[in-house]
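Quick note: numbers below take in every heavy atom, side chains included, and nothing from hydrogens, waters or symmetry partners.
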Amino acid sequence: VQLQASGGGSVQPGGSLRLSCAASGFNFEYYAIGWFRQAPGREREGVSAIGSGVGLTWYADSVKGRFTISRDNAKNTVYLRMNSLKPDDTAVYYCAASIWSKIDKSTWSTIGAYDYSGQGTLVTVSS
């Protein structure tokens, strides 16, 4: 099983980035995918997640309205479009996967609910 996050980089406040999470080694279409982030000195935070069904998405209040999660099952990839980035968004972002039945509005932001996780990609928002 592999989950590879990419697309991070340095951007000015107000800028945008699109992160990708490429998955392999499991039946992707039956798995929910979550994005998490961790900044130095701060607790890990669930950012967003997408279920295996149509329209099942969840967002942290801190990113709602600015970030959009989507998935392309044909490419085994989940995307996180991040707009209006703020310095507080600076963190290592990584993705995790869980069989669809374990992820709902109560569990999506808990890393322990996920079966797999991968290496992260660094996002730095600074002027």
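Pairing each heavy atom of Arg18 with each of Arg81, the nearest pair is CB-NH1, 4.0 Å. When all heavy atoms of Tyr94 and Gly118 are compared, the pair lying nearest together is CB-O, 3.7 Å. Closest approach of Ile50 and Thr57 over heavy atoms only: CG1-CG2, 3.9 Å. Shortest non-hydrogen contact noted between Ala91 and Ala39 is CB-N, 3.8 Å.
The side-chain heavy atoms of Thr124 and Leu122, taken from C-beta on, include a pair separated by under 4.5 Å. By the 4.5 Å heavy-atom criterion applied to side chains, Leu80 and Thr68 are not counted as neighbours. Between Arg66 and Asp89, the closest side-chain pair of non-hydrogen atoms falls below 4.5 Å. Residues Pro87 and Pro13 form a side-chain contact, since some pair of their non-hydrogen atoms from C-beta on lies under 4.5 Å apart. Residues Gln2 and Ser24 have side chains in contact (heavy-atom distance under 4.5 Å, counting atoms from C-beta outward). Residues Leu19 and Val123 meet the side-chain proximity criterion, which asks for heavy atoms closer than 4.5 Å.
With hydrogens and angles left out, the side-chain atoms of Ser16 and Asn83 include a donor and acceptor closer than 3.5 Å. Using a 3.5 Å distance cut-off with no hydrogens or angles, the side chains of Glu45 and Ser62 do pair a donor with an acceptor.
With sequence neighbours excluded, the residues that form a side chain to side chain contact (heavy atoms under 4.5 Å, CB included) with Asn27 are Glu29, Tyr30. Residues passing the ring pair (Phe, Tyr, Trp, His ring centres under 6.0 Å) test with Tyr93: none are found, sequence neighbours excluded.
Atom-to-atom distance recorded for Leu3:CG and Cys21:SG is 4.5 Å, nearest 0.5 angstrom.
Under a hydrophobic clustering in which Ile, Leu, Val, Met, Phe, Trp and Tyr are joined whenever their side-chain heavy atoms come within less than 4.5 Å, directly or via other members, Ile103 and Val47 fall into different clusters. Ile69 and Trp58 fall into different hydrophobic clusters, where Ile, Leu, Val, Met, Phe, Trp and Tyr are joined by side-chain heavy atoms under 4.5 Å apart, directly or via other members. Ile111 and Val63 fall into different hydrophobic clusters, where Ile, Leu, Val, Met, Phe, Trp and Tyr are joined by side-chain heavy atoms under 4.5 Å apart, directly or via other members. Taking hydrophobic clusters as Ile, Leu, Val, Met, Phe, Trp and Tyr residues chained together by side-chain heavy-atom distances below 4.5 Å, Phe26 shares a cluster with Val78.
Considering Phe36, Trp108, Trp100, Tyr31 in turn, Phe36 is the only one that fulfils the ring pair (Phe, Tyr, Trp, His ring centres under 6.0 Å) rule with Tyr114.
Each salt bridge (Lys or Arg N to Asp or Glu O under 4.0 Å) pair with one or both residues in residues 106-122, not counting sequence neighbours, appears once here: Lys102-Asp115.
With Ser48 contributing its side chain and Tyr59 its backbone, the two residues share no donor-acceptor pair below 3.5 Å. Here the side chain of Ser20 pairs no donor or acceptor atom with the backbone of Tyr79 at under 3.5 angstrom. Side-chain atoms of Ser98 come within 3.5 Å of backbone N or O of Ala113 as a donor-acceptor pair. Listed for the Ser106 side chain is no donor-acceptor partner under 3.5 Å among the backbone atoms of Asp104.
For Asp61 and Lys64, the salt-bridge test passes: some basic side-chain N is under 4.0 Å from an acidic carboxylate O.
Annotation: cation-pi geometry satisfied between Arg71 and Phe28 (NZ/CZ under 6.0 angstrom from ring centroid, within 45° of ring axis).
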